[in-house]
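What follows is a single structure, written as structure tokens, with notes after it.
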Amino acid sequence: MDKVYQPSGENKIYELWEKSGAFTPTIDKSKKPFSIILPPPNANEPLHAGHALYVVEDIMVRYHRMLGDPTLWLPGTDHAGIETQFVYEKHLKAEGKSRFDFDRDTLYKLIAEYVNKNRDIAVNQMKRLGFSMDWTRERFTLDEAHNQRVFAVFKKMCDDGLVYRDEKIVNYCTFCGTAFSNLEVVHKTVNSHLWYINYGPLEVATTRPETLLGDTAVAVNPSDPRYKKLIGTTITLPLIGRQIPVIGDDSVSSEFGTGAVKVTPSHSPEDYDMAKKHGLEFIRIFDYDGKANSNVVDKKYIGLFPNQLREAVVADLETAGLLTKTVDYTHEVGHCYKCGRPIEPITAPQWFVKIKPLAEKAIDVVKKDKVKIFPARFKKDFLTWMKDIRDWPISRQIVWGHRIPVWYNLDENPDILVSYIDANGKNISDYWKNLKDKYQEVALGLQTLLAPINSKHYLSLDEAKKVGPNVLQETDTFDTWFSSGQWPYSTLGWEPDGNHSEDFKYFYPTSVLDTMWDILFFWVARMIMMGVYVTGEIPFKVAHMHSRVLDGKGQKMSKSKGNTINPLSIVEAHGADALRMALVIGVAPGSDIALSEDKIRAQRNFVNKIWNASRFVMMTLDKFPDAKFDLPKKLTNASDQEIIDKLTKIITSTTSNIEKYKFGQASDDLYQFFWHDFCDVYLESTKDRGVEIVPVLTHVLVTSLKLLHPFIPYITETVYQELLPKIGGEEKLLISSSWPR
RNA sequence: GACCGCUUAGCUCAGUUGGCUAGAGCAUUUCAUUGACAUUGAAAAGGUCAGUGGUUCAAGUCCACUAGCGGUCACCA
């Protein structure tokens, strides 16, 4: 044995485990299973330091496996809809191309090729980190089986009246070309102005003067004495001269601005609500590419982007003497979480899920701790968010994802707007009624279609075709979370026809779901809602939230700061065990994790300490070839007794800490026990003693290896394999050995 | 605007339901060492546990307020 532990043998150990079948559980109905579904990493990128925290799951999984529970850790990768398409579009841009250069199917195929090339990277890295996942059950979010389940659930939701289509205000990013849910909008503080504009008999104050062109009313508080008598009258909209009513609405505060609000129902959520209430007209002045359309009336405004339009409108108001004052004003503006540009609230036909019925059940199971959220403070966050939840827009105008399984017969819907690339490679956008003889060309080059809200649609291609041959499938895809929200039951083999797999029957509900708190609402909440709705059962009993991995100074890792730590280069340099231990030792549940080179080096030293302590024990064994290994019933030596007592204590505390998800405490205690109590004190004390030390020495070492194995599986298994020929024993692999009691 | 978290040794952090002279790693100082390990050992130094007030026999731990930092959610013009 070398004087220094070389982690280069870790790959061989992993192969040993995998070949042994230890990762694959045997269903045994007399035993209680333990199961974790891996939060699937994006298939399009290598792992980052955060992914290395899968170690928390590996700790639980290895612990339960050693307890003898049939233990399943099911791995997979995520197609990550918008994320991946965004990354791919960057590649396209580098080649001087864009998504508009391709028809839908071609673009999809290109992204799929790209993802397939990169998928294995993440998988191999997870293996390298020692994660004991059952690769025989590996899944991908675009597996055909998963797709079919997602589609079946969509159909079920349609049948149950939970899915509807509506043209509401949505968060739209004109650059990314898609709608987003509220969660995907980042609010940023913006220093702007409040513009006071003369509307004739009254004055309004606004942060968005450009949307004036889409105003369809002015609202005041009905009890405001200044404006009371104006309610019901009509005033003239500046610049374009349209007549709009003055309405009274309680939501208007008399104190803010002038107490009068311009109402732009197509570009403001509050105004949208007001317009629905008062039956106002909707005038959408921006198209989905972000440019002003013909509704702005004046030709010089057409084609301008919002910021350009603002400048133009403000200038024109000033010229006309209608801008009474401009004051500085700081407020929050929604921005696209992906590209960072301002979100344009805009009315657009989208698919929605009625969320209240699902949310109520989710609230119930969390309140009653049927799904226990850990650490507990996240429970409050969850319930607060869930209480005020809004309907979920599930359609995204991107190609990379599950295409919504809805078909339109074009001849029934002549006003469907289709965008396609024609035979000459030209981008065309026109209504079907103008394209009637071009079905083949449209279908072949189809990019997107935009169906008016009342379009007739079918939930199967065959049905749509019964009416006639000119059929197109919806081009929107599902929000990624609509698909990944179904991940637990889908990966285990829930079937729409009720003919569920043995895996599903045995392993569902799963035991623990571990993920970072930043996707508590995005993912955990959706899984709970979907799981309860679809299967009638919770998807997991415990939602364990871990924290963010930060750099050594406690700062967020980012490429621009250059402080990212690549987990794989750490593994190359110091071994997976050092990284794993550094990620968990001394970390309190749910608190941030500062990961530094120093910390990793310290843990590498610990791994080496284990190596050398084991070397010492083996040298001792060589010294006493005739030694027996059975522990005597009664220990006569005080230091023997002391180390055995401490061992008993550490077994108890480690077990209880793992059960309570206190991995930081458990690993810290083990570190102290092994290095201080065992090495520095006990091993030193044995150096001048005889053969009688062998049973205690080997017992404590083997037990320590077992306790440490969930945290640092490679070194412990490596040492165990070296030790085994010398001490014999029934248990051939540490990974499948029994947990000390 | 609402809610949440953090503030403990030079640095990064532990400290479970309040209970021994407040701990670890790294860094620092001194010494040791051909003997399992220099990726080592022994020892030392280092903290009014953010501040103020309160509850208690007892507070880093519970309560209130203050200050600083960080975060999450949110349709106000």
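These figures come from a predicted structure and were not determined experimentally. Only heavy atoms go into these numbers, but all of them, side chains included; no hydrogens, no water, no symmetry mates. Numbers restart at 1 for each chain; the letters A, B, ... are given by sequence-line order, proteins then strands.
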Item checked: Sidechain-backbone polar pair: A/His544 side chain, A/Val512 backbone, donor-acceptor under 3.5 Å -> no
Item checked: Nucleotide nearest A/Asn605 when distance is taken to its side chain, options B/G71, B/U40, B/G25 -> B/U40
Item checked: side chain to side chain donor-acceptor pair (under 3.5 Å): pairs with one or both residues in residues 374-387 of chain A, sequence neighbours excluded -> A/Asp369-A/Lys379
Next item on the list: Can you tell me, in whole Å, how much space there is between the C1' of B/G18 and that of B/G54?
Entry: 15 Å
With a cut-off of 3.5 Å and sequence neighbours excluded, list every side-chain donor-acceptor pair involving residues 589-599 of chain A.
unit_1, atom_1, unit_2, atom_2, d
A/Ser591, OG, A/Ala588, O, 2.9
A/Asp592, OD1, A/Ser547, OG, 2.8
A/Ser596, OG, A/Lys599, N, 3.2
A/Asp598, OD1, A/Arg601, NH1, 3.2

Next item on the list: Provide the distance between the two C1' atoms, one in B/A27 and one in B/C11, to the nearest whole Å.
Entry: 8 Å
Next item on the list: Would you write the dot-bracket representation of RNA chain B, where each base gets (, ), [, ], | or . depending on whether it forms a Watson-Crick or G-U pair under 3.5 Å and with which partner?
Entry: (((((((..((((.....[...)))).(((((.......))))).....(((((..]....))))))))))))....
Notebook entry, point to check: Just to confirm, is there a sub-4.0 Å distance from OP1 or OP2 of B/C73 to any side-chain nitrogen or oxygen of A/Asn182?
Noted result: no
Check: Ignoring hydrogens and geometry, is there a side-chain-to-backbone donor-acceptor pair from A/Thr716 to A/Pro713 under 3.5 Å?
Finding: yes
Note to self: Check the phosphate of B/C4 against A/Lys380, side-chain N and O only, distance under 4.0 Å to OP1 or OP2. Yes or no?
What the structure shows: yes
Item checked: A/Ile715 backbone acceptor or donor facing A/Asp577 side chain under 3.5 Å -> yes
Check: If you measure from the P atom in B/G46 to the same atom in B/U29, how many Å do you get, rounded?
Finding: 16 Å
Next item on the list: Take atom C1' in B/U30 and the same atom in B/G68, then report the distance between them in whole Å.
Entry: 39 Å
Item checked: Sub-6.0 Å ring centroid separation between A/Tyr172 and A/Phe286 -> no
Item checked: Side-chain (A/Glu10) to main-chain (A/Ala576) donor-acceptor, under 3.5 angstrom -> yes
Margin query: For RNA chain B, which residues of residues 674-694 of chain A approach it to below 4.0 angstrom with any heavy atom?
Written below: A/Trp675, A/Cys679, A/Asp680, A/Leu683, A/Glu684, A/Lys687
Check: Which residues pass the side chain to side chain donor-acceptor pair (under 3.5 Å) test with A/Asp680, sequence neighbours left out?
Finding: none
Notebook entry, point to check: Distance between the P atoms of B/G5 and B/U48, in whole angstroms?
Noted result: 27 Å
Checklist line | Length of the line joining A/Phe378:CZ and B/C3:P, which is rounded to integer Å | finding: 18 Å
Check: Between the main-chain N or O of A/Phe711 and the side-chain N or O of A/Arg580, is there a donor-acceptor pair closer than 3.5 Å?
Finding: yes
Next item on the list: Encode nucleotides 8-19 of chain B as B, S and - characters from 5' to 3', where the letter depends on protein heavy atoms closer than 4.0 Å: B to the base, S only to sugar-phosphate, - to neither.
Entry: ----SSSSB---
Next item on the list: Rounded to whole angstrom, note down the C1' distance from B/A14 over to B/G53.
Entry: 28 Å
Margin query: Less than 4.0 angstrom from a charged side-chain N to a carboxylate O is my criterion; do A/Glu203 and A/Lys325 meet it?
Written below: no
Check: How far does the P atom of B/C3 sit from the matching atom of B/A74, given to the nearest Å?
Finding: 16 Å
Note to self: Nearest to the A/Glu332 side chain among B/A74, B/C26, B/C37, which nucleotide is it?
What the structure shows: B/A74
Checklist line | A/Trp481 side chain vs A/Phe521 backbone, donor-acceptor pair below 3.5 Å | finding: no
Item checked: Separation between the C1' atoms of B/U17 and B/A42, rounded to whole Å -> 38 Å
